[in-house]
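The structure appears right after this line, and notes come after that.
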Amino acid sequence: MDYLKGLNDRQKEAVLHGEGPLLILAGAGSGKTRVLTHRIAYLIEENRIFPGNILAITFTNKAANEMKERIADLLDGNIDDIWMGTFHSICVRILRRDIDKIGFQRSFSIYDRDDQITLMKECIKELNLSKDMYKERSVLATISTLKDSMTPPDTYINENYSDFYSKNVGELYALYEKKLKQNNALDFDDLIIKTVELFKANPTILEYYQKKFKYIFVDEYQDTNKIQYQFIRLLSGQNKNICVVGDPDQSIYGWRGADITNIIDFEKDFENATTIRLEQNYRSTQNILNVANYVIKNNYDRIDKKLWTDNNEGSQVVVENSLDSDEEARFVANKIEEHMKEGYNPSDFAILYRTNAQSRSFEEAFMRRNIPYKLVGGLRFYDRKEIKDIIAYLKLIQNPVDDISLKRIINVPRRGIGNATMEKVEGYASEIGESIYNVLLDVEQIPGLSTRAKNSLKTFIDMINKFMAMREVMGIQEFIEEVVYGVGYIKELEDEGSIESQTRLDNIKEFISVAIDFQVANPEGTLEDFLANISLLSDVDKTEDIDNSVTLLTVHSAKGLEFPIVFMVGMEEGLFPISRALESESELEEERRLCYVAITRAEKLLYISFAKIRTIYGKTNYTLPSRFIDEMPKNLIDMGKQRGGSPYQISGNTRAQSSREQLIRVQDFSKKPSTSRAKTSIDNTKVKEGTKVKHKKWGIGTIVQLKDRGDDKEIVIAFDKAGLKRLLLSIAPIEIVKGE
DNA sequence: GCCCTCTTGTTCGAT
DNA sequence: ACAAGAGGGC
């Protein structure tokens, strides 16, 4: 096997690098994933390194899976033992084994942003602070920064004893941490912090992982924060075989604590480090690359580098000026249709915007024209109320001291446990220092409750206990179905019978099928694994892999991705760069890097568009074109006719339908429940064992089993490529293959 | 205790 | 534009 075939000299050098720290400064599109996969394959095959001795940290789980697949393609043996994933998922894996050593239980919950806000609300209330002065979000932002720099609450309080506001933030920080501990919960920051704490408090555990991970890889190193740096610093302390890959020009997570000095100081931090620069771009045309280079050159705080390419010059970058967001969306839709006539596929296009709210006009335009699309992020499936409720039940069952989850669902669906009752229960619980669940195990001890309230509470706690027992003996999917039906959620929604409740029911079914998928992919997976899995997925991970559709996403989410044709939309002052960045030079430079990331996603064609008027937060304003457009060289861009009206205005817009009718309308979770999930087009009666079907994701397969499940059917399909899958007939995206 | 309506505040990016 | 919260009626 030749691991060097098709690589340039720099890339080869990186693949063949021996021992010791290695920094790969990889410009956009310079083939860093190739280098990483080939290097790992090379280590395993030529240097006889066991896959279990390799740790690779990626930015999304999707990137990890893709990398694993690519390595597997290069090798014969099994590489499942490589630890590959995001910082967060790797840390959860470590903590599930040993977090009890630092005073948490291994069944800990993971709190997402909403949970954090709920918890912070409680803290503010408990300290009798004004909620006008102490905003949960901004207090949490401060706390996150403090946690990242490992500043404990009392240090912060002492440093700020004379500043009333900051001192109180410190008090809130202390209480917040105490409550997390009481709830046996970790927030996202904690997943890394507690791992570092665990390593520091337990040298033997650290040593175990230091010995295990002989080679460590970190992708997108420019976006690591201080605590993540500590984590890899500790882990690589013994073998020093740490290989990081990144591009300072693509550092776009400064607001999340990403510390660009991590990559800039790598050579200082890690003794005898080798640095390799990958500066040949294989992705974009010369024009696109030049535009990107010109824009990024305007950043003052930057190490100069010259990214070049052997690719064609390509077409000019087209700048389009529309009247408003609707016209902008029509322009994009028209261009997509034009290019599709030339032979491009929907999956060749991406729409990149600065803020999620901008997706709407594009969704509407695409829906109207039957252009299939998928939306990354935005109002997400997992953020829907019914899904969060069910997850809260599962979290509570897994970790009964999780009061936040308990309070979320104790009266959902209604079971007559209102605020007055809960105040008494909570009051008593905090008085004796117990979790709410523990107090409820014996409701008689709680003072001041009516018999009716006591009975409602008893019914609730009996139900939860019953679930806890069931969990021990059931598979995840079966268990989740048991919970979903058992708590009465389904019945309440069915009784309601509205379109909205139907959508909610469909979402719950979809959630069950997520559980089925998880169980198929992880036969050994526990409830903890399932919950951690869904809460640590990135937006890119969560987006359904719908074949052949246009991708709509923020520039942040687009990091690491590439598309033949890219539309950068909403290129206006105040939107991109965003208004908040206009006063700060460093924030403006981050916006510029973001712009650089966006431009360099494009392979063949790049469209840039701005609108004359834009409505943001319900207010319509005139806008100016983004300064980043001015920074592009005039000879490389086609400014077209700068005008107000659009030549693409179409009357009636009905004609486009016929030729595109066969294109699948893509399900989209971001919409209000107006459109219920598209049911499978399959006629129930025509499906039997032996029927050949085509699935959107898994391709052709044969039905091997059919089982009744309520008025639905569970089907098992043997796919030619993807193997056996269990699906629910009503929601499976399949169609019967004809002509057999 | 529950539900509906009106008011008020929010206001970028996301594991 | 939109969601969460407060307040009032049942």
Side-chain angles (χ1 to χ4, degrees), chain A residues 57-64 85-92 110-118 121 125 131-132 135-138 140-141 144 148 186-193 220 223-225 227-228 251-258 325 352-361 376-380 382-383 385 411-423 450 452-453 456 532-542 553-559 570 574-582 587 590-591 593-595 597-598 614-621 672:
Chain A
I57 296 168
T58 55
F59 202 70
T60 64
N61 291 292
K62 195 180 171 205
T86 61
F87 274 104
H88 294 87
S89 57
I90 297 287
C91 286
V92 167
I110 299 167
Y111 277 4
D112 65 13
R113 238 183 113 62
D114 285 354
D115 297 326
Q116 286 182 284
I117 288 172
T118 311
K121 262 182 204 149
K125 201 170 156 193
K131 51 185 176 176
D132 293 329
K135 304 275 176 216
E136 300 93 16
R137 288 157 158 272
S138 74
L140 283 167
S144 178
D148 183 35
L186 306 191
D187 63 21
F188 283 130
D189 297 323
D190 282 342
L191 295 176
I192 326 273
I193 292 168
E220 307 285 5
D223 282 322
T224 50
N225 62 24
I227 198 80
Q228 289 165 342
S251 164
I252 55 174
Y253 282 94
W255 48 274
R256 208 170 75 181
S325 61
L352 267 54
Y353 36 76
R354 181 64 180 84
T355 68
N356 277 310
Q358 285 165 259
S359 68
R360 223 181 125 146
S361 34
V376 178
L379 238 170
R380 286 158 290 216
Y382 290 95
D383 287 343
K385 182 185 176 301
N411 204 28
V412 181
R414 308 244 138 63
R415 39 177 85 90
I417 305 171
N419 290 337
T421 304
M422 280 314 286
E423 256 168 45
S450 67
R452 221 171 100 195
S456 306
N533 183 58
I534 57 182
S535 56
L536 297 180
L537 291 178
S538 73
D539 282 340
V540 175
D541 297 329
K542 282 182 222 166
L553 74 181
T554 62
V555 185
H556 280 95
S557 293
K559 184 166 90 152
L575 187 57
F576 199 171
I578 200 117
S579 53
R580 271 183 59 171
L582 296 179
E587 281 183 53
E590 181 150 316
E591 292 291 306
R593 289 193 294 271
L594 196 55
C595 181
V597 168
R614 185 162 301 269
T615 309
I616 302 176
Y617 310 130
K619 280 209 164 79
T620 304
N621 280 312
K672 285 271 168 193

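Here the structure is a predicted model, which is why all the values come from computation and not from measurement. Lettering follows sequence order; numbering is per chain, from 1.
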Q. Who passes side chain to side chain donor-acceptor pair (under 3.5 Å) against A/Thr615, sequence neighbours left out?
A. A/Thr620
Q: Would you indicate what A/Phe59 reaches in the nucleic acid, counting non-hydrogen atoms under 4.0 angstrom: base, sugar-phosphate, or nothing?
A: nothing
Q: To the nearest Å, give me how far apart CG (A/Asn356) and P (C/dC2) are.
A: 14 Å
Q. Atom CG of A/Asn621 and atom P of C/dA1: how far apart are they, to the nearest Å?
A. 13 Å
Q) Who passes side-chain contact (heavy atoms from CB on, under 4.5 Å) against A/Asn61, sequence neighbours left out? A) A/Thr86, A/Ser89, A/Leu537, A/Asp541
(Q) How many whole angstroms separate atom CZ of A/Arg580 from atom P of B/dG13? (A) 11 Å
Q.
Between P on B/dT15 and CG on A/Leu536, what's the gap in Å once rounded to a whole number?
A. 10 Å
Q. With sequence neighbours excluded, what pairs up with A/Asn411 under the side chain to side chain donor-acceptor pair (under 3.5 Å) test?
A. none
Q. What nucleic acid atoms does A/Ser535 come within less than 4.0 Å of, heavy atoms only: base, sugar-phosphate, or nothing?
A. nothing
Q: Begin from the C-alpha positions of A/Asp112 and A/Ser535 and carry the test side chain to side chain donor-acceptor pair (under 3.5 Å) through to its verdict.
A: CA-CA 7 Å; A/Asp112 65 13; A/Ser535 56; over 6 Å; no
Q. Looking across every strand, which nucleic acid part, if any, lies under 4.0 Å from A/Lys121 by heavy atom: base, sugar-phosphate, or nothing?
A. sugar-phosphate
(Q) Can you measure A/Ile252 atom CD1 to B/dA14 atom P for me and round it to whole angstrom units? (A) 9 Å
Q: For A/Asp148, enumerate each residue passing the side chain to side chain donor-acceptor pair (under 3.5 Å) test, keeping only those at least two apart in sequence or located in another chain.
A: none
Q. Rounding to a whole Å, what distance do you find between A/Trp255:CH2 and B/dT11:P?
A. 14 Å
Q: Just jot down the ring-ring contact (aromatic ring centres under 6.0 Å, His included) partners of A/Phe59, sequence neighbours excluded, or say none.
A: A/Tyr253
Q | Under 3.5 Å donor-acceptor, A/Glu423 side chain and A/Ala420 backbone | A | no
**Q.** Nearest-angstrom distance from the residue atom CZ of A/Arg593 to C1' of B/dC12
**A.** 15 Å
Q. When all nucleic acid strands are considered with a 4.0 Å heavy-atom cut-off, which category describes A/Ser579: base, sugar-phosphate, or nothing?
A. nothing
Q. When the distance from CG of A/Leu594 to P of B/dA14 is rounded to whole Å, what number comes out?
A. 10 Å
For nucleotides 7-10 of chain B, list the nitrogen or oxygen atoms of the protein found under 3.5 Å from its nitrogen or oxygen atoms, one pair per line.
from	atom 1	to	atom 2	distance (Å)
B/dT10	OP1	A/Lys135	NZ	2.5

Q) Taking the same atom, P, in C/dA4 and in B/dG13, what whole-Å distance lies between them? A) 16 Å
**Q.** Phosphate-side-chain proximity, A/Asn411 and B/dC2, N/O vs OP1/OP2 below 4.0 Å
**A.** yes
Q. Hey, does A/Ala581 reach any base, or is it just sugar-phosphate, or nothing, if we go heavy atoms under 4.0 Å?
A. nothing
